[in-house]
Amino acid sequence: MRKLTLTILLTGSIYLSRAQTTAAVNPRPLTMDEYSKAQTFTIADLDKDTYVKFENAYVLDRYENRKPYFITGSDGLKKRVDLYKLIAKEGMQEIGLMVFYTNEKGKLYKALVPDFTADGKVWEKYFLDIDNINKVETNFILKLSYVLSKEVSFQQYKVLNGGKDMKEESATYGNDICFPGDEMVTMANGSKKMLSTIKSGDEVITIDPATNKSSVVRVKELTTHEAKNYALTRLVLVAADVKNTRTGRLVNLNTKVLQATPNHPMLTKQGSLKMGEIATGQEVLCLNEQTGKYEAFTVLQKTENGGGIQKVYNIVADGGSTLLMNGVMVMQK
């Protein structure tokens, strides 16, 4: 078990270090002297000090503006883990990741994950140090590996989504199930109304997923969530009507775009899925205004980014299970 944990930790540490330095023009390795010197660096207030200079040569900069991890094991004891980038001011190069680990008694342990270009001896020193901490602080390595694996997973997520800027990275990926206020709701008379202006008593369209038949339901409540930088999944959906003629192939494209928090349920051919789980190529039921029928549209593109500080909304109706948002069938909360 311990060998496996060390292997995971090694892989995660190297990947995370590589992810940190990818954007640097000319990353240089953390030296053994710097590794030892950094062990003397302290943060006076881990809750407030996000950017601290040392000897006018180094900086500890809070990693990705992350809040601390609080990890409680099976023993019921809560540990705190804070991450800071170690930056050499000359060239502003990230040369390591400093870990501040505080146990339930307030005792602080430090670990410095070297950047991936560091010499093998620096890496050996790092593993020796965390092994020594693990001998006096039970499961230190296990908890450290969890935190680093979590951050590696986030870096992979960024790569898969084409990267994001810092403002977007701070978006919340909580459990809220809602839409931004500028999505358009299909009303009972077929008109569209901006979601944020919907009121109790308004009549909107609902569709029976089994028969594709629409009916009218009354809005009981428009719920809102406080303004945060919500993560939003954005789907670009397309339906193509293709006709082959003697002169060529005629293609009539119909597109729709929908945004929602990643947890909002959608109805696909594979059943109910969260927006964040839907993949390109899957099909979602939409209203085709050109034909007046409910038809399957294919997910052409999917992105996920922070939507900026804003309120998000959701409709609670007195019946039905679905609504039409931007012409796309979405499930009620």
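By convention here, the first residue in the shown sequence is residue 1. Because only heavy atoms are used, hydrogens play no part in the values below, and waters and symmetry mates are left out as well, while side chains stay in.
Taking both residues in full, the closest heavy atoms of Trp123 and Pro114 are given as CZ2-O, 3.4 Å, listed atom of the first, atom of the second, then distance. Across every non-hydrogen atom of Gly181 and Met194, the tightest pair is O-CG, 3.0 Å. Between Ala88 and Tyr58, the shortest heavy-atom distance links the atoms CA-CD2, 4.0 Å. The two atoms that bring Met325 and Val330 nearest to each other are CB-CG2, 4.1 Å, heavy atoms only. Counting all heavy atoms, side chain and backbone alike, Met331 lies closest to His264 at O-NE2, 2.8 Å. The two atoms that bring Val284 and Val328 nearest to each other are CG1-CG1, 3.7 Å, heavy atoms only.
Note that CG of Asn212 and OG1 of Thr322 are 9.5 Å apart. Values are rounded to the nearest 0.5 Å. Summarising the geometry, atom OG1 belonging to Thr233 is positioned 10.0 Å from atom CE belonging to Met266; distances are rounded to the nearest 0.5 Å. Put simply, CG on Leu324 and NZ on Lys192 are 8.0 Å apart, with the number rounded to the nearest 0.5 Å. In this structure, Leu112 CG and Ile95 CD1 are separated by 8.0 Å, a value rounded to the nearest 0.5 Å. Between atom CD1 of residue Ile315 and atom CG of residue Leu222 there is a gap of 6.5 Å, rounded to the nearest 0.5 Å. Note that the OG1 atom of Thr211 and the OH atom of Tyr294 stand 10.0 Å from one another [nearest 0.5 Å].
Looking only at distances, no side-chain donor or acceptor of Lys85 sits under 3.5 Å from a matching main-chain atom of Leu60. Judged purely by atom type and a 3.5 angstrom limit, Thr186 has no side-chain atom pairing as donor or acceptor with the backbone of Ile205. Asn326 places no side-chain N or O within 3.5 Å of a backbone atom of Leu258 that could act as its donor or acceptor partner. Of the possible polar contacts, none joining the Thr261 side chain to the Leu232 backbone as a donor-acceptor pair under 3.5 Å is found. A donor-acceptor distance shorter than 3.5 angstrom exists from the side chain of Lys110 to the backbone of Phe41, with no hydrogens or angles considered. The main-chain N or O of Thr31 is found under 3.5 Å from a side-chain atom of Glu34 such that the two form a donor-acceptor pair. Looking only at distances, a side-chain donor or acceptor of Asn134 sits under 3.5 Å from a matching main-chain atom of Ile141.
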#### Entry: CA sep, side-chain torsions, deciding dist, call: Tyr84, Asp49, side-chain hydrogen bond (donor to acceptor under 3.5 Å, both in side chains)
CA-CA 10 Å; Tyr84 284 76; Asp49 298 337; over 6 Å; no

#### Entry: Pair Ser191-Asn189, side-chain hydrogen bond (donor to acceptor under 3.5 Å, both in side chains): steps then yes or no
CA-CA 6 Å; Ser191 65; Asn189 61 4; 2.6 Å; yes

#### Entry: Worked verdict on Val299 versus Val236 for side-chain contact (heavy atoms from CB on, under 4.5 Å)
CA-CA 6 Å; Val299 178; Val236 177; over 6 Å; no

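For the side chain to side chain donor-acceptor pair (under 3.5 Å) with Thr291, the qualifying choice from Glu295, Glu289, Lys293 is Glu295, the only one to do so.
Ionic pairing of Glu137 and Lys107 is not present here: no N-O contact between side-chain nitrogen and carboxylate oxygen is shorter than 4.0 angstrom. Salt bridge Glu104/Lys78: absent, no basic N to carboxylate O contact under 4.0 Å. Salt bridge status for Arg28 with Asp115: absent, with no side-chain N to carboxylate O gap under 4.0 Å. A salt bridge does not link Lys67 to Asp47: none of the charged side-chain nitrogens sits closer than 4.0 Å to a carboxylate oxygen. A salt bridge is defined here as a Lys NZ or Arg NE, NH1 or NH2 lying under 4.0 Å from an Asp or Glu carboxylate O, and Lys311 with Glu226 fails to meet this definition. Checked for salt-bridge contact, Asp202 and Lys193 meet the test: a charged N lies under 4.0 Å from a carboxylate O. Ion pairing of Asp33 with Lys37 is absent here, as no side-chain N (NZ or NE/NH1/NH2) approaches a carboxylate O to less than 4.0 Å.
Using a 3.5 Å distance cut-off with no hydrogens or angles, the side chains of Tyr35 and Asp119 do not pair a donor with an acceptor.
Aromatic ring centres of Phe140 and Tyr101: separated by under 6.0 Å.
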